[in-house]
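Take a look at the structure set out below.
One-based numbering, in listed order, for ligands and for the atoms of each. Basis for what follows: all heavy atoms, side chains included, without hydrogens, waters or symmetry-related copies.
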Amino acid sequence: MKITEKLEQHRQTSGKPTYSFEYFVPKTTQGVQNLYDRMDRMYEASLPQFIDITWNAGGGRLSHLSTDLVATAQSVLGLETCMHLTCTNMPISMIDDALESAYHSGCQNILALRGDPPRDTDSWTPVEGGFLYAKDLIKYIKSKYGDHFAIGVAGYPECHPELPNKDAKLDLEYLKQKIDAGGDFIITQMFYDVDNFISWCSEVRAAGMAVPIIPGIMPITTYAAFLRRAQWGQISIPQAFLSQLEPIKDDDELVRDIGTNLIVQMCQKLLNSGYISHLHIYTMNLEKAPLMILERLNILPTESEFNAHPLAVLPWRKSL
Ligand code: FAD
């Protein structure tokens, strides 16, 4: 089922906020097996609306693993799955293979991206005959599959890092081009400055984009990872985060506890803003921190909600 339909259906029947989990592709076979087990446990603990699988720089073994993971999560584990797909190192024939695999596995959701540059390079260049921007990939998916897929696009509340002078107006214009090309929902880059995020949402609406905005929520697990990720995404850190976390930076457990409280406050403000009803959690393939956030937000399913859920028992379990 399309994410957009699922979220709309939920909105009409329940006032409760929903959430989803992002996983990245592990490098080893054992890592993949561990991830299936983790997805299964996290599903049983929280019944997310969907999960998504990231796409690696393209062309290599990890790209095939992405399509395998999507196919297994969707058709074997029975999880509503969204496949990230990028243009990096992807000739059209490989894009065709990935889309075909997603289509045949029953996956109906693609997050269409240009992609990061491969690890050993600083700047991004297209492959010969390939796409230059995410909007080109979106148009291509639409031309080949019509409305079969709900297509998500990436949004940057603090501007895309490559954009000269952090020109917010131009960044919004490029976002609008992706929506006009066929984007059905926006998933955002991680952020900690919630006031900036909320005013960005009002600008997105004012620019004529009515699609769901899904905030990307990064749990805080250690102080070093917290700083590294903010630096990598070139996002600002509010003083309140620094003043609470810096003095306890060497105590990982305390950082996770206080960090989770900060993220929970951030999520509460988002949910109260009127723009947001769904939270997308970057799990970094970890289980504890995402579930702690949902538990402290008090939005995990109650026992009766769990029992009444049509997919509370995963399809493959039913056959055991
Ligand atoms: P685009 O929107 O195409 O933008 C790319 C660059 O071109 C930007 O600098 C933009 O400002 C500029 N631009 C856009 N349109 C125009 C135009 N018309 N004229 C001139 N310039 C233009 N990366 C991965 O490799 N794998 C993943 O799985 C992955 N998942 C992600 C998930 C989320 C939610 C987000 C927010 C990002 C993810 N990324 C992932 C990172 C993303 O691929 C990079 O940020 C990439 O640099 C930009 O991708 P995009 O789809 O936003 O590109």
- With side-chain hydrogen bond (donor to acceptor under 3.5 Å, both in side chains) as the test, would you mind laying out the steps for Thr54 and Glu22 before giving the verdict? CA-CA 7 Å; Thr54 62; Glu22 179 187 290; 5.4 Å; no

- Item | For His278, the option from Phe50, Phe185, Tyr19 that meets ring pair (Phe, Tyr, Trp, His ring centres under 6.0 Å) | Phe50

- Item | Any residue meeting salt bridge (charged side-chain N to carboxylate O under 4.0 Å, His left out) with Asp250, in chain and number order, not counting sequence neighbours | none

- Starting from atom 30 (N) of ligand 1, locate the nearest protein heavy atom and write down its residue, its atom name and how far away it is, to 0.1 Å. His84 ND1, 3.0 Å

- Item | For atom 26 (N) of ligand 1, the option (of Trp55, Phe24, Tyr282, Trp124) bearing the nearest heavy atom | Trp55

- Give the ring-plane orientation class for Phe226 versus Tyr223, where under 30° counts as parallel, over 60° as perpendicular and anything between as tilted. tilted

- Contact partition for Leu111 relative to ligand 1, non-hydrogen atoms under 4.0 Å: side chain

- With heavy atoms of Gln189 as the reference, note each atom of ligand 1 found under 4.0 Å away. 36 (C)

- Can you list the atoms of ligand 1 that are under 4.0 Å from a heavy atom of Lys135? 18 (N)

- Message: Taking a cutoff of less than 4.0 Å between a non-hydrogen atom of the residue and any ligand atom, is Leu163 in contact with ligand 1?
- Response: yes

- Over 60° means perpendicular and under 30° means parallel, so classify the ring planes of Phe197 and Phe191, tilted if in between. parallel

- For the residue pair Gln49 and Lys6, confirm or rule out a side-chain donor-acceptor distance under 3.5 Å. no

- Query: What is the nearest protein non-hydrogen atom to atom 35 (C) of ligand 1, stated with its residue, atom name and distance?
  - Reply: Ala154 CB, 3.8 Å

- ligand 1 atoms nearer than 4.0 angstrom to some heavy atom of Thr54 are 28 (O)

- Item | Worked verdict on Leu294 versus Met42 for side chain to side chain contact (heavy atoms under 4.5 Å, CB included) | CA-CA 11 Å; Leu294 300 176; Met42 289 178 79; over 6 Å; no

- Task: Report yes if the side chains of Ile263 and Ile217 come closer than 4.5 Å at any heavy-atom pair, otherwise no.
- Result: yes

- Flag: protein heavy atom within less than 4.0 Å of atom 9 (O) of ligand 1: yes

- Message: Under a 3.5 Å distance rule, please check whether Gln108 uses its side chain to pair with a backbone N or O of His148 as donor and acceptor.
- Response: yes

- Atoms in ligand 1 flagged as close to Thr86, the criterion being non-hydrogen separation under 4.0 Å: 24 (C), 25 (O), 26 (N)

- For atom 2 (O) of ligand 1, which of Lys178, Arg114, Met190 has the closest heavy atom? Lys178

- Message: Does the plane of the ring in Tyr145 sit parallel, tilted or perpendicular to the ring in Phe149? Use 30° and 60° as the thresholds.
- Response: perpendicular

- Item | Modelled atom types, side-chain donor and acceptor of Asp96 and Tyr140, under 3.5 Å | yes

- Message: So for ligand 1, is Ile187 a polar contact partner (N or O within less than 3.5 Å, distance only)?
- Response: no

- With side chains defined as the heavy atoms from C-beta onward, is the minimum distance between Met83 and Asn109 less than 4.5 Å? no

- Query: To which protein heavy atom is atom 3 (O) of ligand 1 closest, and what is the distance rounded to 0.1 Å?
  - Reply: Ala134 N, 2.8 Å

- Message: With nothing but distance in play, are any N or O atoms of Tyr156 less than 3.5 Å from an N or O of ligand 1?
- Response: yes

- Among all protein heavy atoms, pick the one closest to atom 18 (N) of ligand 1 and tell me residue, atom and distance. Gln177 OE1, 2.9 Å

- Quick one: look up the protein heavy atom nearest atom 23 (N) of ligand 1 and list residue, atom name and how far away it is. Asp116 OD2, 3.4 Å

- Which residue and heavy atom of the protein sit nearest atom 17 (C) of ligand 1, plus the separation: Tyr174 CE2, 3.2 Å

- Please determine if Asp171 has a nitrogen or oxygen closer than 3.5 Å to a nitrogen or oxygen of ligand 1. no

- Message: Checking a contact table here: which protein heavy atom is nearest atom 38 (C) of ligand 1, and how many Å away?
- Response: Leu113 CD2, 3.7 Å

- of all protein heavy atoms, closest to atom 7 (O) of ligand 1 is Tyr133 CE2, 3.4 Å

